[in-house]
Structures are given as C-alpha cells and as structure tokens.
2 protein chains.
Amino acid sequence: MERSTRQRTLIAGLLARAERPLSIAELLALGRAELPGLGQATVYRTVRELVESGELHAVEIPGAAITYERAHHHHHHFHCRRCERVYEVEGCPPGLTALTPAGFRLESHEVILHGLCAGCSA
Amino acid sequence: MERSTRQRTLIAGLLARAERPLSIAELLALGRAELPGLGQATVYRTVRELVESGELHAVEIPGAAITYERAHHHHHHFHCRRCERVYEVEGCPPGLTALTPAGFRLESHEVILHGLCAGCSA
DNA sequence: GTGCATGCAAAGGGTTTGCACGCGC
DNA sequence: GCGCGTGCAAACCCTTTGCATGCAC
C-alpha cells in the first residue's frame, strides 16, 4: 500500500497539472514554490517510485533533458528543434510488425518525431 | 581539414569493424588493447567530433548506455530486453506524416522497437 | 512510542575541462 | 622548431546514498 505524504502528493499534482513533461529540476523548483525546503533527494526518490509503480512515464528525447509525464494512454512525441518543446502525438504508425525481423517478438515501440512545431515553422 | 591521428584512426576503425554499436567504455577498452595508454578524454573528444562531423551516430536507447555506430544508411533499432543487444532494423513505417499535427513540419524521426530477439524468444 | 519518509550533505558515476608534455609535420 | 592532439588529473554535472531528525499514525 502506498503512503501518500504531502511531498508525494505535491509532486504527483504538479505533473497532473503540467501541460508538458517536466524535468527533475523543474519539479524541484515548482515544488519548492509551494513547499519551501523540499529536498531534491525527495524529488528523485518520489519520481523514481512513481515511474516504477507505473504512474509516471519518463520521456527521454536524445539531446534533451529527461522529463516525466503522467502515464495515461499510449502516445508518441514530437520534439521541436527550435523551441525544444515536446508535444504529444496521437496514434501509432502502421506496419511496425513488418519492420520486425523474422523470429523476433515485438512487444512495444517508441516513435519520436523531430522538426518544427506550428509556432516555430511559421 | 580533418587531421587523422593514430588515435582517431583507431577509434573510427573500431567502430567500422564493430558489428554492433559500442559504448564509450567499450571503445576505451578495445582501444587500449591496441594502443595502451589511450586516454579516456581522447575517446570522448574523438567520438564527439566524429558525431558532430556526421561520421558517427549516437544510439540512445532509454535504459541502456549510449552507444555509437558508423553513420551509414537510415535505419532504426530493435532493443532486446533480455540480452540487451541492439539490432538494426531496415525500413521505415509508413504514415508518419499522418501522425504529425497540422502546421508542424516533420524533418526526421526515430523508431525504437522493444521485445525479444530471435535467440532470446526461442 | 514506533516507523518510515524527509532533508541535508557526502559519495558516486559518467563526462568535460585545464594544462603541460611530446609526437608529428 | 612549432603547434596541436594527447594523457593525466581535477573539476563538473546529475543522481544516489547514509544518516539523524521529526512527522504521522
């Protein structure tokens, strides 16, 4: 059974409200705004536990800091090379099974799109 | 103009011969076997320069160490969760443009497949 | 009262940087 | 002879860990 402390609730709440994935540093800064004295170890520990419990999902874009988002439906990401923002992308490309070599068992996949977002390509 | 020193040639050669992407630690170990006294800073510096010059490509699989491979044709990767090996996958899934939100400009993409390779699924 | 999450600070691992040496042209 | 790449070691993140405190039950 999970204990629900003030810090844990705060961190989970920050990510629930966030409109984009947040990094550890952002969580720490935002968290301290509401709970001064919040320790960084607590943020690291809490995030790790939430990831392991499946409540959070790590977003690891090569070249960008690792961020975390609430695990909800399956989706992918679009990374804007100009503003660096990460957008959620709905849906999956078809034909992934066709890429899988013979004899391999495909269990999951990730797709990362790179380019310019609407604002930055204008 | 690129200078071609012994160390640089050695590192590029190791990756040219490798049948799978290599990590910095592996490059250092393999390199020292042929050139004792090879410094790790040299490996880091050389790999970074080769990546920037486009000769190498970083393979960043979440949860695995970053490895490097020679940049050749466009391809994707299959990561076996049991033996941890990374395999090259030929071809791209169709329909990536359809995933891209309206107004966004898609420039490149990455696909990472996870599962079990032929050996590990047997 | 007891136990466990917390905060602080130190340790740890991987990567980068500073600098004097010395190889290669 | 000169310059730049190199090796060593220290510096630098970012993350984890140890431990004493104190809140929550």
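Worth saying up front: this structure is predicted, and the values here are computed from it rather than measured. Here is how names work: the chains are called A, B, and so on, in the same order as the sequence lines, proteins then strands, and each is numbered from 1.
The base of D:dG7 lies close enough to the side chain of B:Arg45 for a donor and an acceptor atom to sit less than 3.5 Å apart.
Screening A:Leu38, A:Thr5, A:Leu56, A:Ile11 for a side chain to side chain contact (heavy atoms under 4.5 Å, CB included) with A:Thr46, the sole residue that qualifies is A:Ile11. Just one of A:Glu26, A:Glu69, A:Glu88 meets the salt bridge (Lys or Arg N to Asp or Glu O under 4.0 Å) condition when paired with A:Arg20; it is A:Glu26.
Of the candidates C:dT16, D:dT15, C:dA5, the closest approach to any side-chain atom of A:Thr5 belongs to C:dA5. When the nucleotides C:dC8, C:dT17, D:dG7 are ranked by their closest atom to the side chain of B:Arg48, C:dT17 comes out on top.
Between the CG atom of B:Leu35 and the P atom of C:dG22 there is a distance of 16 Å, given to the nearest Å. Distance B:Gln40 CD to C:dG13 P: 13 Å, rounded to the nearest Å. The separation between B:Glu60 atom CD and C:dG14 atom P is 16 Å, rounded to whole Å. In this structure, B:Glu49 atom CD and C:dT17 atom C1' are separated by 14 Å, rounded to whole Å. Atom-to-atom, CD of B:Glu52 to C1' of C:dT16 comes out at 13 Å; the value is rounded to the nearest Å. In this structure, the CG atom of B:Leu28 is 11 Å from the P atom of C:dT15, given to the nearest Å. Rounded to whole Å, atom C1' of D:dC13 lies 14 Å from atom CD1 of A:Ile24. Atom CG in B:Leu10 sits roughly 11 Å away from atom P in D:dT6 (whole-Å rounding).
Contact annotation: B:Thr42 does not reach the phosphate of D:dT6 (side-chain N/O to OP1 or OP2, under 4.0 Å).
Judged by closest nucleotide on DNA chain C, B:Tyr44 is the one of B:Tyr44 and B:Arg6 placed further toward the 5' end.
Within 6.0 Å of atom CD in A:Glu52, more than 12 heavy atoms from other residues, nucleotides or ligands are found, so the atom counts as buried in its surroundings.
For the pair B:Glu84/B:His79, a side-chain contact is recorded, criterion being any heavy-atom separation below 4.5 Å from C-beta on.
Between the side chains of B:Glu110 and B:His77, not a single donor N or O lies within less than 3.5 Å of an accepting N or O.
Nucleic acid contact for B:Gln7: sugar-phosphate only, since backbone atoms but no base atoms lie under 4.0 Å from a heavy atom of the residue.
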